[in-house]
Amino acid sequence: MPQTICALATPPGEGGIAVVRVSGPDTYPIVGKVFFPDRTGKSIEAAKGYTALLGHYYLRGVKMDETIALFFRAPHSYTGEDVIELSVHGGTAMADGLLEALYLAGAHPAGPGEFTRRALENGRMSLTQAEAVMEVISADGRQGAALARSALDGSLAKTISGIQAALRTLSAHITAWVDYPEEDVPELSEGELTLTLTEQLNALDKLIDSYGAGAVLRHGVDCVLLGRPNVGKSTLLNLLAGFDRSIVTPIAGTTRDVVEQAVMLGDTGIRLNLFDTAGVRESGADAAEDEGIRRSWAKLEEAGLVLAVFDLGEELNGEDMEIARRCQGRPALAILNKEDLAGEGEKIQEASAALAPYFKAVLALSAKDPASLMPLCNAVAELLGTAKLDPNAAALCNARQLAAARDARDAIRQALDSQRDGFGLDAAAVCLDDAQRALARLTGEDITESTLDEVFSTFCVGK
């Protein structure tokens, strides 16, 4: 029989309330030893699910804090077990005292993610829904939270279930035709097989292709501002941040180290972890600037998004083109800054043409003008793929799910290749089995205990 566990379900420290969650077979007897209702005649054992009682908790016989108890009866609770949530005044003292009282009464400290793991084991949610719990908790923006919420509501599980059902039907038909020829099972036509496999392949491709954009919405992206000295990188950072985060002067080389700032990018739902780097050139004025330049190039290698800034007030030079070459093949946007100094549009066109081969997109703007923020936001959302992402659609939540989806997709491709190359249905059946095993890993139907331990080790203790 599982132990009865408890943990703080709200962040530690000062706050309006602190909530301690208790779950397990002995929840009601254990809480009954420490919590006593204020109203005469009310008891813990008789409390019905989805009700509340006001009272106090006691520690070693001493009356402590006013407490509200919320009751949930198995199986209609988060974990599928008997659950009671106890709310006391926020702050360390009262919450720690309540936990101590529950430990003395027989409860055990919960491990990371143990409440959600029990919900999975008791059939209250699938593994993909369980993983979505932490995605909801850690999401930085509304769109990222909506994407995680969609997975928690079961959209990913439903999509994968549909793919699994189609593959099982194909496998059953092939097996029956191959193994029981005397039963006069109709042969599966090549056209029908190809159509069904292609449909499932496209469904997996859609999930896999949207993974990067979904991860950006949920967790943000590291963005480096790169460019020669005095091209306006710090001014651009201040525009994105909405306040003067970086020092801006006419003196080239003012920024000598990496300046960090996290910002929400307009209404895109994207959190940018901005890194304003030292201006890059062949050689700095001193050792300090040289080290800043080295760090700038290092940040380029790590970044998930590069905003390379160029000065329209000057002609592009060799240092500019070296920056452009290093950005090639990366998720990089060329910013032609100081648009107000460009004069005729011909200069913008020439600079755009020179830089276009190295960047996903080129945008002219003035970092001093607040009106430049919206087109910049739109360009970034388009580049990262979030502009067309439906936050309510099914989405893969993590690298584990992504790897399993890729394995399933590769197996389906092999099944299609086997038919194109003239191999029999037996070859396709083997590939279909591989695809179904990969999908079973994704959903948790065929997952090892060690993998489960790894999944839930990333959870906070109270969830």
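None of the values given here were measured: they were computed from a predicted structure. The analysis underlying the following values was restricted to heavy atoms, covering all of them including side chains, and did not include hydrogens, waters or symmetry mates.
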Go through the steps to decide whether Asp267 and Cys377 satisfy the test side chain to side chain contact (heavy atoms under 4.5 Å, CB included), and finish with yes or no. CA-CA 8 Å; Asp267 295 327; Cys377 292; over 6 Å; no
Is there a salt bridge (charged side-chain N to carboxylate O under 4.0 Å, His left out) between Arg330 and Glu301 once you walk through the steps? CA-CA 9 Å; Arg330 301 180 185 277; Glu301 299 297 322; 3.0 Å; yes
Is Asn337 reaching over with its side chain to a backbone N or O of Val231, donor-acceptor style, under 3.5 angstrom? yes
Show the nearest heavy-atom pair for residues Gly304 and Leu384, with the distance to one decimal. O-CD2, 4.2 Å
Would a 4.5 Å heavy-atom cut-off, applied to side chains only, mark Ile208 and Leu402 as touching? yes
Measure from the side-chain N and O atoms of Ser161 to the backbone N and O of Ala157, and report whether any donor-acceptor pair falls under 3.5 Å. no
Within the 4.5 Å heavy-atom criterion, are Leu373 and Leu240 side-chain neighbours or not? yes
Crowded around Met321 CE? As in, over 12 foreign heavy atoms under 6.0 Å? yes
Are the side chains of Asp340 and Asp369 in touch, meaning some heavy atoms are under 4.5 Å apart? no
Report yes if the side chains of Ile5 and Arg118 come closer than 4.5 Å at any heavy-atom pair, otherwise no. yes
Of the non-hydrogen atoms in Lys338 and Asn230, which two are nearest, and what is the gap between them? NZ-O, 3.0 Å
Can you run down the ring pair (Phe, Tyr, Trp, His ring centres under 6.0 Å) pairs that involve residues 378-415, sequence neighbours left out, and say none if there aren't any? none
So which heavy atom on Ala404 is nearest to which on Arg441, and how close? CA-NH2, 4.4 Å
Nearest-0.5 Å distance that lies between atom CD in Glu192 and atom CG in Leu195: 8.0 Å
Above 12 or not: heavy atoms from other molecules or residues under 6.0 Å from CD of Glu454? no
Donor-acceptor contact present, side-chain Thr79 to main-chain Ser77, <3.5 Å: no
Strictly distance-based, threshold 3.5 Å: is any side-chain N or O of Asn398 a donor or acceptor partner for the main-chain N or O of Arg400? yes
Heavy-atom side-chain proximity of Ile323 to Phe310 below 4.5 angstrom: yes
Using atom types as modelled and distance alone, determine if a side-chain donor or acceptor of Thr10 lies under 3.5 Å from a backbone N or O of Val19. yes
Other residues, nucleotides and ligands only: do more than 12 of their heavy atoms fall within 6.0 Å of CD on Gln328? yes
When you measure from the centre of the six-membered ring of Tyr78, is the NZ or CZ of Arg21 closer than 6.0 Å and no more than 45° off the axis? yes
Say whether, by atom type as modelled, one donor and one acceptor occur between the side chain of Thr196 and the main chain of Leu193 under 3.5 angstrom. no
Less than 3.5 Å apart, any donor N or O on the side chain of Arg271 or Asn273 sitting next to an acceptor on the other? yes
Do Leu167 and Leu197 have side chains that approach each other closer than 4.5 Å (heavy atoms only, starting at C-beta)? yes
Using only atom types and a distance under 3.5 Å, with no angle test, would you say the side chain of Asp320 pairs donor to acceptor with the backbone of Asn317? yes
Ala95 versus Ala18, closest heavy-atom pair with distance: CB-CB, 3.9 Å
So which atom in Lys233 and which in Arg228 form the shortest heavy-atom distance, rounded to 0.1 Å? NZ-O, 3.1 Å
Value for CG (Leu86) from OG1 (Thr67), rounded to nearest 0.5 Å, stands at 6.5 Å
Show, in sequence, the C-alpha distance, side-chain angles and deciding distance for Phe72 and Tyr50, and conclude whether the side chain to side chain contact (heavy atoms under 4.5 Å, CB included) test is met. CA-CA 6 Å; Phe72 305 88; Tyr50 304 117; 3.9 Å; yes
Could you please spell out the steps behind the salt bridge (charged side-chain N to carboxylate O under 4.0 Å, His left out) verdict for Glu81 and Arg117? CA-CA 12 Å; Glu81 303 172 326; Arg117 184 164 183 166; over 6 Å; no
Do Val362 and Ser352 touch side chain to side chain, with heavy atoms closer than 4.5 Å? yes
Before you tell me yes or no, could you show the steps for Thr386 and Ile270 under side chain to side chain contact (heavy atoms under 4.5 Å, CB included), namely the whole-Å CA-CA distance, both residues' side-chain angles and the distance that decides it to 0.1 Å? CA-CA 8 Å; Thr386 62; Ile270 301 171; 3.3 Å; yes
Is it true that, when you exclude Arg124 itself, more than 12 heavy atoms of the residues, nucleotides or ligands shown sit nearer than 6.0 Å to its CZ? yes
Please list, chain by chain and in numerical order, all residues satisfying salt bridge (Lys or Arg N to Asp or Glu O under 4.0 Å) with Lys360, sequence neighbours excluded. none
Can you pull the ring pair (Phe, Tyr, Trp, His ring centres under 6.0 Å) pairs that have at least one residue in residues 391-413, sequence neighbours excluded? none
Quick one: does any side-chain atom of Glu114 pair with a main-chain N or O of Ala110 as donor and acceptor, under 3.5 Å? no
Option among Asp205, Ile163, Asn202 that satisfies the side-chain contact (heavy atoms from CB on, under 4.5 Å) test with Arg409: Asp205
Is the backbone of Leu312 close enough, under 3.5 Å, to the side chain of Lys347 for a donor and an acceptor to pair up by distance? yes
What I want to check is whether the side chains of Ser171 and Gln436 have a donor and an acceptor closer together than 3.5 Å. yes
Heavy-atom closest contact (Cys327 atom, Ala308 atom, distance): SG-CB, 4.1 Å
Give, for atom OG1 of Thr198 and atom CG of Leu416, the distance between the pair rounded to the nearest 0.5 Å. 5.0 Å
Hey, are the side chains of Thr116 and Met125 touching, using non-hydrogen atoms and a 4.5 Å cut-off? yes
Spacing of CG belonging to Leu365 relative to CG belonging to Leu336, to within rounding of 0.5 Å: 8.0 Å
